[in-house]
Amino acid sequence: MKRKFILFVFVIIIAISSFSCKKESNKKYTSYEKIEKAPKSLDSIYEGVNSILENVEKLNAIIKEPEEKQGEKTNEKSEENKSKDEDKQKQTKEEKTNKLWKTMNNSIKEIHAHWNSYEIEGTKKAGISSGEEKFEESLNKLTLAVENKDVFNILNNGSQVYLNISPFFDSYKDEIKGDLCKIKYYIYQTYLIGESGDLDRAKEILSEGEVYLTNLRHKIGKDEKKTKAFEKLNFSLQDIKGVLNENNSNLLTIKRDIILDNIKQLKG
């Protein structure tokens, strides 16, 4: 009887110990999962760059739109009315463009503030001594481009910011934004180089960017929604490759925007 009682007590102790270990293991796992996602400050930098580059495209659309409308109605109005319409369009155009430039300048200030919040953790987390300097250099160049209202260099240096922030995202196990940043960099460079007419170089750059699709696919796993978005992204990259042979600026812009939209569907 005594032996049975001792055995019973022993079984109870093992059960309690096993439950405690399992509970402790779950706690550790939960904590581990939390630190594998990038902090809000890093996400905010990414979103800020997205906002600036999207506003540049809105700016380009505004600049072109009034000229097209003005040309359509030239023959239908008197000289006096034409002059009034032109003045009104010019004023409206200036208001819209000024508002966008102001928004972009505010976004730049916010990016610098978010980087200041993140950089202590970031430089330790990424473990890359040159990472901080490269990122800050590209961010400073983007800042100057916005200040100078230099559209080409906003796109060029903005894409460099994507590339130089990617190692920080890569340092978080479950983040896909590092790969998305690199793909964005290569897409913008493909677009800019393609626009310059150097189609062979543009194709080379695009091929370099495609390499990151494999890692992205692996991280997505079995997420059905993201898998569909990934497939669309993959096909859109093949589409822009074909468009480079056409040497057509409008087609290149359309295909670039489709790729960026597909990236956005991946929560990028």
Side-chain angles (χ1 to χ4, degrees), residues 21-55 106-139 142 157-188 209-234 236-237 259-268:
C21 288
K22 186 176 180 182
K23 190 173 181 182
E24 185 65 26
S25 175
N26 286 339
K27 283 182 179 179
K28 288 180 180 178
Y29 179 76
T30 302
S31 177
Y32 175 78
E33 286 296 307
K34 285 180 180 178
I35 64 170
E36 290 306 297
K37 284 289 184 182
K40 188 176 179 181
S41 54
L42 190 59
D43 280 333
S44 295
I45 293 170
Y46 178 76
E47 293 301 333
V49 180
N50 286 346
S51 174
I52 289 169
L53 299 193
E54 287 170 6
N55 280 327
N106 288 336
S107 295
I108 279 289
K109 291 176 184 177
E110 289 171 0
I111 291 171
H112 280 278
H114 291 307
W115 172 247
N116 181 247
S117 298
Y118 175 76
E119 60 183 327
I120 295 175
E121 174 186 347
T123 51
K124 291 178 182 177
K125 179 68 177 173
I128 304 172
S129 59
S130 61
E132 180 182 3
E133 291 179 8
K134 286 182 178 179
F135 173 77
E136 289 184 348
E137 182 181 356
S138 59
L139 177 57
L142 175 60
N157 294 317
S159 73
Q160 294 286 344
V161 172
Y162 283 134
L163 181 65
N164 292 326
I165 202 175
S166 64
F168 296 101
F169 279 113
D170 287 340
S171 67
Y172 297 90
K173 178 177 171 287
D174 298 320
E175 277 291 351
I176 65 171
K177 286 194 180 77
D179 296 299
L180 296 179
C181 279
K182 286 187 275 284
I183 292 171
K184 279 191 170 187
Y185 163 76
Y186 284 104
I187 289 305
Y188 273 108
E210 286 181 302
V211 172
Y212 298 100
L213 286 174
T214 303
N215 197 38
L216 180 60
R217 182 69 187 88
H218 175 72
K219 286 184 179 179
I220 287 171
K222 296 181 180 180
D223 188 308
E224 191 174 326
K225 188 175 180 181
K226 286 187 177 181
T227 298
K228 288 181 179 179
F230 173 83
E231 293 301 329
K232 287 173 68 178
L233 173 60
N234 190 18
S236 61
L237 283 167
I259 292 170
L260 295 175
D261 186 59
N262 289 335
I263 290 175
K264 191 179 289 186
Q265 289 180 40
L266 281 162
K267 300 300 180 185

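Position 1 is the first residue of the sequence, and the numbers go up from there.
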Write down the atom of [X], the atom of [Y], and the distance for their closest heavy-atom approach.
X	Y	value
Asn164	Lys134	ND2-O, 3.3 Å
Lys182	Leu163	CG-CD1, 4.2 Å
Lys219	Glu175	NZ-O, 3.0 Å
Gly221	Thr227	O-OG1, 3.8 Å
Gly178	Ser166	O-CB, 3.4 Å
Ser159	Tyr188	CB-CB, 3.7 Å

Exercise for the section: Walk me through it: do Asn50 and Glu54 pass the test side chain to side chain donor-acceptor pair (under 3.5 Å)? Expected result: CA-CA 6 Å; Asn50 286 346; Glu54 287 170 6; 5.4 Å; no
Atom [atom1] in [X], atom [atom2] in [Y]: separation rounded to 0.5 Å?
X	Y	atom1	atom2	answer
Tyr118	Glu132	OH	CD	11.0 Å
His114	Leu42	NE2	CG	11.0 Å
Arg217	Thr214	CZ	OG1	10.5 Å
Ile108	Ile52	CD1	CD1	3.5 Å
Leu266	Ile176	CG	CD1	5.0 Å
Glu119	Glu136	CD	CD	5.5 Å

Does a side-chain heavy-atom distance below 4.5 Å link [X] with [Y]?
X	Y	result
Phe230	Leu213	yes
Ile45	Phe168	no
Leu233	Leu216	yes

Handout entry: Ion pair check, Asp170 and Lys177, cut-off under 4.0 Å
Key =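 A salt bridge is absent here (no side-chain N lies under 4.0 Å from a carboxylate O).
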Exercise for the section: Return the set of residues passing side chain to side chain donor-acceptor pair (under 3.5 Å) with Ser44 (not counting sequence neighbours), or none when no residue passes. Expected result: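 None.
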Practice task
Can you sort out the partners of Glu110 under side chain to side chain donor-acceptor pair (under 3.5 Å), two or more places apart, ordered by chain and number?
Solution key: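 So Glu110 forms no side chain to side chain donor-acceptor pair (under 3.5 Å) with any residue.
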Problem - Derivation of the side chain to side chain contact (heavy atoms under 4.5 Å, CB included) call for Asn262 and Asn234 - result: CA-CA 9 Å; Asn262 289 335; Asn234 190 18; over 6 Å; no
Practice task
Indicate whether any N or O donor in one side chain lies under 3.5 Å from an N or O acceptor in the other, for Asn157 and Ser138.
Solution key: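 Distance-only check fails for Asn157 and Ser138.
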Exercise for the section: Determine yes or no for a side-chain-to-main-chain donor-acceptor pair under 3.5 angstrom, with Ser51 supplying the side chain and Glu47 the backbone. Expected result: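 It does not hold such a pair.
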Problem - Parallel, tilted or perpendicular: ring planes of Trp115 versus Phe135, cut at 30 and 60 degrees - result: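 Trp115 and Phe135: tilted rings.
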Practice task
Please identify each residue that fulfils ring pair (Phe, Tyr, Trp, His ring centres under 6.0 Å) with Phe169, with sequence neighbours left out.
Solution key: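 Partners of Phe169 by the ring pair (Phe, Tyr, Trp, His ring centres under 6.0 Å) criterion, ordered by chain and then number, come out as Tyr46.
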